[in-house]
Amino acid sequence: MTIPALGGALALTALNPREWNAETCAEVNARLESASASHIADWAVATFGQRIGIACSMQDTILPHLFGTRLEGVDVLFLETGYHFTETVDTRDEVARRFPVTIVDVRPELSVEEQDAQYGKDLFARDPNLCCQMRKVDPLAQALSGYQAWVTGARRVDSVTRSEMPVVSWDAKHGLVKINPLALWDDADVEKYQVQNDLPRNPLVAQGFLSIGCAPCTRKVAPGEDARAGRWAGQGKTECGIHVG
Ligand code: SF4
C-alpha cells in the first residue's frame with residue numbers, strides 16, 4: 001500500500017487501504033501515530049462517517065466534543081452498567097444537552113437486580129471478571145457489531161499495559177478498526193483541551209478519582225499512585241476486558 005503525505009480531506013481518505021486488517025491498520029498507524037488528535041479525528045470521520053462508534057466512560061468529555069464538532073449526531077456509546085456514580089451519569093446527561101451527539105446507553109442483558117437474583121448479591125466483590133464480562137465486555141461487543149470502527153479515549157500513560165498502544169489497530173476480537181486518538185496525550189494535554197473548549201467535567205476527577213469506572217470498583221488514588229491503581233484495588237485486576245485483544 002502506498003500512503004500519500006497527509007493533507008486535505010482527499011489525502012485523508014487516500015490513506016486508506018482496500019481492505020482493513022492487522023497489516024493495513026499497522027501501515028496507517030505508522031502514518032498517523034505522530035498526528036494530532038484533531039487530524040486523527042478528521043481522518044476517522046472522513047473514512048468511516050457515521051459507521052463509527054465513540055466509546056466514552058464520561059470520566060472526561062473530550063471525545064464527544066472532538067467528534068461531535070466534526071460529525072453531527074455521531075453515536076457516543078456509554079456502558080450503562082447500572083453501577084455508575086451519580087456524577088458520571090450526570091456528566092453523560094450534560095454531554096447529551098451540550099453536544100450534537102447521540103448518546104447510546106449500552107446495557108447488559110440482566111439488570112442489577114436480575115444479576116443479584118441469578119448470581120448472588122454483589123458479584124463484583126466475588127468475581128469481578130464475570131461481572132465485567134456480563135455488564136461491559138459482552139454488551140460492548142454486541143453494540144460494536146453495527147460499526148466499521150470504534151474510538152476510545154485510552155492513553156499510553158494510563159498504565160504500563162497501555163504503554164505501547166497504537167493509534168490505529170485492527171481489533172480482531174470485534175472485527176473492526178480501533179482508533180485511539182488520545183494515545184499520546186498526557187494529563188497536561190487533557191487539561192489544556194478541556195480549558196480551551198470549556199468542556200463539562202466529571203466532578204469526581206477533582207476529588208481524586210483519576211480513573212473512573214463503576215462505583216463499587218473505583219476508589220480515589222493517593223498522590224504519586226498510578227491513575228488506575230484505584231480500579232479493582234486489591235483484587236488483582238487492572239482492566240475490565242474491553243481493551244484486551
Ligand atoms: S467494574 Fe465492577 S461493578 Fe462494573 S462491571 Fe466490572 S466488576 Fe461489575
Side-chain angles (χ1 to χ4, degrees), residues 53-64 75-96 103-145 150-155 157-162 165 171 173-174 178 180 182 190 201-222 225-245:
I54 314 299
C56 186
S57 68
M58 301 300 163
Q59 173 172 318
D60 63 63
T61 59
I62 293 170
L63 290 183
D75 286 350
V76 172
L77 311 178
F78 176 67
L79 294 178
E80 178 44 292
T81 63
Y83 280 119
H84 283 296
F85 291 99
T86 302
E87 290 88 340
T88 300
V89 174
D90 289 347
T91 304
R92 175 202 62 186
D93 295 345
E94 181 70 3
V95 165
I103 298 289
V104 179
D105 283 333
V106 178
R107 297 181 189 278
E109 191 178 325
L110 301 178
S111 67
V112 170
E113 293 73 23
E114 289 167 339
Q115 180 171 295
D116 285 353
Q118 290 189 32
Y119 293 89
K121 190 165 170 50
D122 299 346
L123 180 63
F124 54 79
R126 288 173 285 110
D127 192 343
N129 287 334
L130 179 59
C131 187
C132 277
Q133 188 72 35
M134 292 194 294
R135 310 202 76 74
K136 291 184 170 183
V137 179
D138 291 343
L140 178 69
Q142 195 170 3
L144 290 180
S145 65
W150 71 300
V151 178
T152 92
R155 298 180 295 146
V157 296
D158 287 339
S159 66
V160 290
T161 59
R162 299 181 181 179
M165 189 178 57
D171 180 344
K173 185 165 78 173
H174 298 114
K178 184 176 182 181
N180 302 308
L182 313 184
V190 168
R201 301 190 186 222
N202 187 326
L204 292 172
V205 176
Q207 296 172 28
F209 294 86
L210 301 188
S211 177
I212 302 170
C214 296
C217 303
T218 302
R219 68 155 171 80
K220 295 181 187 181
V221 296
E225 251 190 329
D226 187 300
R228 288 183 67 83
R231 303 289 294 278
W232 305 283
Q235 292 186 289
K237 178 177 168 69
T238 57
E239 296 277 354
C240 63
I242 63 176
H243 294 296
V244 179

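Just so you know, these numbers use all the heavy atoms, side chains as well, and skip hydrogens, waters and symmetry mates. Atoms within each ligand, like the ligands themselves, are counted from 1 in listed order.
- For atom 6 (Fe) of ligand 1, protein N, O or S atoms closer than 2.8 Å were enumerated as C132 SG, with waters left out.
- A heavy-atom distance below 4.5 Å is not found between the side chains of L79 and R135.
- Listed by chain and number, the residues in a side chain to side chain contact (heavy atoms under 4.5 Å, CB included) with V95 are M58, T61, P64, F99, V101, I103 (sequence neighbours excluded).
- Looking only at side-chain heavy atoms (C-beta outward), V76 and V104 stay at 4.5 Å or farther from each other.
- Salt bridge status for R107 with D105: present, with a side-chain N to carboxylate O gap under 4.0 Å.
- Side-chain contact, N202 with E87: no donor N or O sits under 3.5 Å from an acceptor N or O.
- The backbone N or O of L130 lies less than 3.5 Å from a partner atom in the side chain of D127, making a donor-acceptor pair.
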